[in-house]
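These notes concern the structure reproduced below.
In what follows, chains carry the letters A, B, and so on, assigned in the order in which the sequence lines appear, proteins first and then strands, with residues in each chain numbered from 1. None of the values given here were measured: they were computed from a predicted structure. Computed from heavy atoms alone, side chains included, the values below leave out hydrogens, waters and symmetry copies.
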There are 2 protein chains.
Amino acid sequence: MPDHTRPPEKRVTIYDVAAEADVSPSTVSRAFSRPSRVNSETADRIRRVAERLGYRTNPLARALTTSRTRMIALVIADITNPVYAEIVRGAQEAATDGEYTTVLIDAQESDRLERAAVERTMSTVDGIVLASSRMSDSAIRMVAKQRPVVVLNRALADVPCVVTDDPRGVRRAAEHLGELGHDHITYVAGPQASWPNGIRWRSLLEAGMELEIKVRQIGPFSPTMAGGERAARELCARPATAVLAFNDQMAIGIIRGLSRMGVNVPGDVSVVGFDNILAADIVTPGLTTVAAPLYAEGSAATRHLLTMIAGAPGHTGRPMVLPVRLVVRDSTATRNPGPGRARRQWARNRSAPDPAAHRP
Amino acid sequence: MPDHTRPPEKRVTIYDVAAEADVSPSTVSRAFSRPSRVNSETADRIRRVAERLGYRTNPLARALTTSRTRMIALVIADITNPVYAEIVRGAQEAATDGEYTTVLIDAQESDRLERAAVERTMSTVDGIVLASSRMSDSAIRMVAKQRPVVVLNRALADVPCVVTDDPRGVRRAAEHLGELGHDHITYVAGPQASWPNGIRWRSLLEAGMELEIKVRQIGPFSPTMAGGERAARELCARPATAVLAFNDQMAIGIIRGLSRMGVNVPGDVSVVGFDNILAADIVTPGLTTVAAPLYAEGSAATRHLLTMIAGAPGHTGRPMVLPVRLVVRDSTATRNPGPGRARRQWARNRSAPDPAAHRP
DNA sequence: GCCACGGCGGCAACGGGTTGCCATGTATTG
DNA sequence: CAATACATGGCAACCCGTTGCCGCCGTGGC
């Protein structure tokens, strides 16, 4: 019959080791935290005893006096969004390199949840990376006042930031569409609380001016496939030949929604996404999209945070900008000028949408 | 000129509150941790003072004496795998309900990294959920000896487990393929360190016996799209009409790989996946797959962990089994008996594979 | 032979709560 | 009115390391 009582095995402390090695507890402490401060033979003996007794230093107790937990928090807006997976990987690598542990927090796209989680975790970590935070600027500043913070995908005065070169990405996308003959681009907006959403739209406005391409915006929609499908319905009401979506999930949703209504991508409409998630490569047609260096974002932000924790002032001037690139796949094509067969069908659908159109 | 010195603002402690509210520190402590133990008026006054001073109880200091951090660890095999997103959500919800914070650890499919991370985190958390652990049974038992542990997607004697009804899922998939006329199913194996991989294969063996369907296995391959594409090449060497893949990513990879080589899915080969990730619904053809209740897995495992932490014995008998269901989409079809056009092409590709076949 | 100095180890205070136990003061009971 | 019970608050020890400071001792210089 198995023993169901948890074995008492009290945790081994420096005091146990000290008694066994016949030194004082402070010497044991130093043997681990500042080996140079104690005779190497003594240190060796202590380490052997510690090993034998199975001593592990208690990080909580240590943190209590040093006020360093060697943990950082990484807050992401939505763990369901594959974009963050790579960011997490990058952050984790940088943290591990610096002998830090990452605690990951999923804000579920909610300002409230994010604040609550940050609040709860703040005192347990040495610093925080906010990736695509949904909190208000002032809330972020509040947090930054209490702990080192690096903000990812958002620019904010007085707080160190890492952002991607979205203006350049949008510009490249617009150029690409322009070269394909499109003279009008519709931006399908994501969450208004999302900082990149604003930037992308403004960048498109600007690019439109310079390239003499008309632009307009619809939305906001939820930054998901479902959001994209809703956007597709709205797109049908006010047709477009070129669409730039806030992110890839929406772009994929848009493509699905459109083809369900008999609109061909890229034949009738060209669609460009943002982020270059894995799925962008496996959908049909393959999604043209603006790729961000996700892994690098995570690791750059984290590395910067670690230097701040180590005492560096934190570079609060201009944000650190990471380059993007346009990945051209099959969801963009030269503009179809005349209303061909497919285009006529679209027109037909507009007046009398056939919900079963996608069923063979 | 902004003030670059971090404001000294020492942390407010119970001592500060005590002095201000004119009570002893222990009373302040009790006002928060056991309000019934102190006069409600006093407690109110203390709370007001605490509020005014901005007091927050220090979880580390508390943990030091109570040895309860109110944090649990959730270890997942690969954050890149979308399967875990829902599991994380479920776990997080359950944890939040119990006023626990979840710290997420990504093992990156590595036994070594997983052990290291668990080792590092163990002493900081009250319990651990191991979702699809890649560690050895003995390593897991070791951990379970020191902290409450619930294992997800794996059965292990003497440790509480939550698993899905994979045998039933495989059975349903086999029945489905059988009904479509397939008399031979090839299992494309995932990581050998993955427990479900073994179960799925054994379940297929068993189902094959009962349904009089021949089965065989190829692999192991990495549980990714790339792994699936590699598997597709091997499948071409030893053709099959029905394939059950370890997971959806592999299934998608297989479909891509096959169609690149001119093999039609589901015309020539039917493919079934496992997990029902989001992408299963957006690929072409839509992937037939065995869906697991991911969210429920996460929350069930976490809830069980919390009861263990609260002192319940931990149900180490039979694992808790969650139901699955077969989601039929377009990647499975009736078996194509004669070597039709596409099938002949496949045969051609076998003898002289054309690497450019997928380029129009 | 004396002094200065460096290496090493110990003492004790500290960090910020928690909790067993005791000392009041008040309410209840006989 | 005495005896008892209970509500409330304080004391002090404790959790487990860390660290400033001091003392001891051996060594080397003069």
Side-chain angles (χ1 to χ4, degrees), chain A residues 8-47 49-50 53-71 120-126 146-147, chain B residues 8-50 53-71 99 120 122-126 146:
Chain A
E9 297 186 25
K10 291 202 33 74
R11 222 194 138 78
V12 183
T13 73
I14 46 167
Y15 297 92
D16 303 323
V17 177
E20 189 77 10
D22 207 30
V23 291
S24 85
S26 35
T27 306
V28 177
S29 171
R30 280 192 277 254
F32 288 104
S33 53
R34 270 214 273 305
S36 67
R37 187 63 180 65
V38 17
N39 183 302
S40 60
E41 279 177 38
T42 322
D44 275 355
R45 179 159 47 91
I46 291 175
R47 263 194 290 275
V49 172
L53 265 48
Y55 167 75
R56 327 240 57 186
T57 119
N58 179 335
L60 277 70
R62 170 183 304 210
L64 194 54
T65 52
T66 59
S67 48
R68 284 284 154 87
T69 58
R70 301 205 77 83
M71 299 200 293
R120 233 182 313 131
T121 320
M122 199 161 30
S123 57
T124 320
V125 298
D126 295 347
Q146 307 184 50
R147 284 277 184 282
Chain B
E9 303 183 19
K10 291 204 29 77
R11 221 196 139 79
V12 183
T13 72
I14 46 168
Y15 298 93
D16 304 322
V17 177
E20 189 77 10
D22 208 30
V23 292
S24 85
S26 35
T27 306
V28 177
S29 170
R30 281 192 276 254
F32 288 103
S33 52
R34 270 212 273 308
S36 69
R37 187 63 181 65
V38 17
N39 183 304
S40 60
E41 280 178 37
T42 321
D44 275 355
R45 179 160 47 90
I46 290 174
R47 263 193 290 274
R48 274 197 305 277
V49 172
L53 266 46
Y55 168 74
R56 326 242 57 188
T57 121
N58 179 334
L60 278 69
R62 170 182 304 211
L64 195 52
T65 52
T66 58
S67 47
R68 284 283 153 86
T69 59
R70 299 205 78 82
M71 300 200 292
E99 309 210 307
R120 234 183 311 132
M122 199 161 31
S123 56
T124 319
V125 298
D126 296 347
Q146 307 183 49

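- The phosphate of C:dG17 (OP1 or OP2) has no side-chain N or O of B:Ser29 nearer than 4.0 angstrom.
- Summarising the geometry, the separation between CG on A:Leu64 and P on D:dT19 is reported as 12 Å, rounded to the nearest angstrom.
- Phosphate contact (OP1/OP2 of D:dG17, side-chain N/O of A:Asn58, threshold under 4.0 Å): absent.
- Along DNA chain C, the nucleotide nearest to B:Ser26 and the one nearest to B:Leu60 differ in position, and the one closer to the 5' end is contacted by B:Leu60.
- Nucleic acid contact for B:Val28: none, since no nucleic acid atom lies under 4.0 Å from a heavy atom of the residue.
- Closest contact between the side chain of A:Asn39 and the listed nucleotides C:dG9, C:dG17, D:dG17 involves C:dG9.
- Each of B:Arg56 and B:Arg37 has a nearest nucleotide on DNA chain C; the 5'-most of these lies closest to B:Arg56.
- Nearest nucleotide to the side chain of B:Arg30, out of D:dC16, C:dC11, D:dG10: D:dG10.
- When the P atom of D:dC16 is taken as reference, atom CZ of B:Arg62 falls 17 Å away, rounded to whole Å.
- Ranked by how close their nearest DNA chain D nucleotide is to the 5' end, B:Thr42 and B:Ala61 are led by B:Thr42.
- Residues A:Asp16 and A:Arg11 approach most closely at OD2-O, 3.8 Å, considering heavy atoms.
- Not one side-chain nitrogen or oxygen of B:Tyr15 sits closer than 4.0 Å to the OP1 or OP2 atom of C:dC14.
- An OP1 or OP2 oxygen of D:dG9 is reached within less than 4.0 angstrom by no side-chain nitrogen or oxygen of B:Ser24.
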